[in-house]
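To keep things clear, I will list the structure first and then write my remarks on it.
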Amino acid sequence: MSESRLSVDATEFETFQTEQDGRVLSVTLNNPPVNALSVVMMSELRDLMLALRQDDSVAVIVFDSANPEFFIAHVDMNIGDQMDILGQLASEAPEGVNVFQAVGELLRQQPQVTVVKLRGIARGGGAEFIAAADMTFAARETARIGQIEALMGIIPSGGGTQYLLERVGRNRALELVLTGDAVEADVAASYGWINRAIPANDLDAFVDRLAHNIAALPDGVLAAAKRIFTPITPLTGYQQEETEWGTLFGLPAARHLIGDSLQRGAQTIEGERDLEGLLRQMSKDSKPRD
């Protein structure tokens, strides 16, 4: 393993670890117990990506998880407890883009090629992170990805609606958002949500080979491809997403589902294994009976 030449001190990060091999940087998310996308994680990912923008020692960034069962479970439901950091991130977000969308935009516009190696569950903000990355390769037997927000009484607000529309089309985007189902890797690949489903035993070798092959391309090729395929920032879609999310979040149903789900095991390993089932049962329990 070659010595790190990062332009940022990797030891400062609390929510992930980094390791550099040649021009490939591995970022291993590690925010126990389920890698919830906390304000601290968002802030640290932002700092890392900004520092890497002018770092020629890195050509490819590979994101994976220290917990093989969870990539990013979803946005931290306790995010309101860290309003000081959240406020700072909001003040630095581009105009017309909320804090969560800003993280996705940084990832989408990163000059390096960004690759997700997915073994476990990615819901909500985790699914949005995956769709914002350039490529995702997932373990066929264990990976699942889903936009779970509708089951919480809200809709995606971190760019997920726009990413889905771009990747899978309107009909499948409606299916995935309104069912809240976490789909298996083969389905996600067939829809175009991710690149490929790979046998779990082959995933590490496949991603490692792909990342190093891209990093070894002749000078200028990677940068040219990234410029040609620069994603368009859907500001109108982001603004509508934020407006609709804010309206729904203010309703009693969303506050009840999000608050009570924490009491019933959300953001614990056991509770997150079937969070969809938990939220559906809560919705049934809260409806008045005839």
Side-chain angles (χ1 to χ4, degrees), residues 34 36-39 41-42 72-87 89-91 93 95-105 121-129 131-132 145-165 168 170-183 234-268 271-290:
V34 294
L37 186 60
S38 65
V39 178
M41 182 184 278
M42 285 192 288
I72 296 175
H74 44 71
V75 171
D76 189 352
M77 294 181 186
N78 295 308
I79 203 164
D81 296 340
Q82 297 175 306
M83 291 303 296
D84 52 342
I85 307 175
L86 194 63
L89 287 175
S91 69
E95 186 175 355
V97 177
N98 70 28
V99 170
F100 312 110
Q101 294 162 348
V103 173
E105 271 304 298
I121 295 170
R123 296 190 187 99
E128 290 172 316
F129 186 94
I145 176 172
Q147 295 291 169
I148 199 173
E149 290 86 351
L151 302 180
M152 299 178 179
I154 53 177
I155 59 168
S157 66
T161 62
Q162 304 308 294
Y163 305 154
L164 281 173
L165 193 60
V168 308
R170 179 179 180 274
N171 58 336
R172 285 173 168 164
L174 281 167
E175 172 200 344
L176 294 168
V177 168
L178 294 179
T179 64
D181 289 338
V183 300
L235 276 178
T236 300
Y238 282 165
Q239 290 165 357
Q240 175 126 30
E241 192 181 70
E242 170 71 4
T243 298
E244 299 292 351
W245 178 89
T247 299
L248 291 169
F249 189 74
L251 297 177
R255 295 198 300 272
H256 162 71
L257 286 165
I258 293 170
D260 283 13
S261 65
L262 284 166
Q263 313 245 339
R264 299 199 195 189
Q267 295 193 187
T268 67
E272 289 289 341
R273 284 174 177 155
D274 185 22
L275 184 58
E276 297 91 345
L278 170 66
L279 290 167
R280 287 192 177 96
Q281 186 59 51
M282 287 177 59
S283 291
K284 290 178 183 177
D285 292 346
S286 66
K287 289 189 182 297
R289 297 181 180 177
D290 296 333

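No hydrogens, no waters, no symmetry mates; every other heavy atom, side chains included, goes into these values. Starting from 1, each residue takes its place in the sequence as its number. Bear in mind that the values here come from a model prediction, so they are computed numbers and not experimental data.
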Heavy atoms of E272 and A266 approach each other most closely as OE2-C, 3.7 Å

Are any of the side-chain heavy atoms of L37 and D76 separated by less than 4.5 Å?
-> no

Looking at side-chain heavy atoms only, is the closest gap between F249 and I258 below 4.5 Å?
-> yes

When you look at CD of Q239, are more than 12 heavy atoms from neighbouring residues, nucleotides or ligands closer to it than 6.0 Å?
-> yes

Going by heavy atoms in the side chains, are P156 and V177 under 4.5 Å from each other?
-> yes

Taking it one step at a time, do L248 and I155 satisfy side chain to side chain contact (heavy atoms under 4.5 Å, CB included)?
-> CA-CA 8 Å; L248 291 169; I155 59 168; 3.7 Å; yes

I would like to know whether L151 and S283 meet side chain to side chain contact (heavy atoms under 4.5 Å, CB included); could you show each step before the answer?
-> CA-CA 8 Å; L151 302 180; S283 291; over 6 Å; no

To the nearest 0.5 Å, tell me how far D260 CG sits from R255 CZ.
-> 12.0 Å

Among side-chain atoms of Q101 and E241, is any donor-acceptor pair under 3.5 angstrom?
-> yes

Is there a donor-acceptor contact under 3.5 Å linking the side chains of H74 and E149?
-> no

What are the two closest heavy atoms between Q267 and V75, and how far apart are they?
-> OE1-O, 3.8 Å

For the pair Q147 (side chain) and G180 (backbone), establish whether a donor and an acceptor sit closer than 3.5 Å, ignoring hydrogens and angles.
-> no

Measure the spacing between CG of L176 and OG1 of T161 and express it to the nearest 0.5 Å.
-> 12.5 Å

Taking all atoms of both residues into account, what is the closest heavy-atom pair of G158 and E128, and its distance?
-> N-OE2, 2.8 Å

Modelled atom types, side-chain donor and acceptor of S157 and E242, under 3.5 Å | no

Look up atom CG in D181 and atom CD1 in I148, then write down how far apart they are to the nearest 0.5 Å.
-> 9.5 Å

Can you tell me if E175 and N171 form a side-chain donor-acceptor pair at under 3.5 Å?
-> no

Side-chain heavy atoms of L89 within contact of M42, under 4.5 Å = yes

Taken to the nearest 0.5 Å, the spacing of L275 CG from M282 CE works out to 9.0 Å

At what distance, to the nearest 0.5 angstrom, does OG of S38 lie from CE of M77?
-> 14.0 Å

For A173 against V168, the heavy-atom pair lying closest together = N-CG2, 3.5 Å

Considering all heavy atoms of both residues, which atom of A102 and which atom of A93 are nearest to each other, and what is their separation?
-> CB-CB, 4.0 Å

Check whether any side-chain heavy atom of I154 sits under 4.5 Å from a side-chain heavy atom of E244, and report yes or no.
-> no

Please answer whether the main-chain N or O of T268 pairs with a side-chain N or O of R273 as donor and acceptor at a distance below 3.5 Å.
-> no

At their closest point, which heavy atom of A254 faces which heavy atom of G153, and how far apart are they?
-> CB-O, 3.9 Å

Here the gap from H256 atom NE2 to M152 atom CE, rounded to the nearest 0.5 Å, amounts to 13.0 Å

Verify side chain to side chain contact (heavy atoms under 4.5 Å, CB included) between Y238 and T243, making sure each step is shown before the conclusion.
-> CA-CA 9 Å; Y238 282 165; T243 298; over 6 Å; no

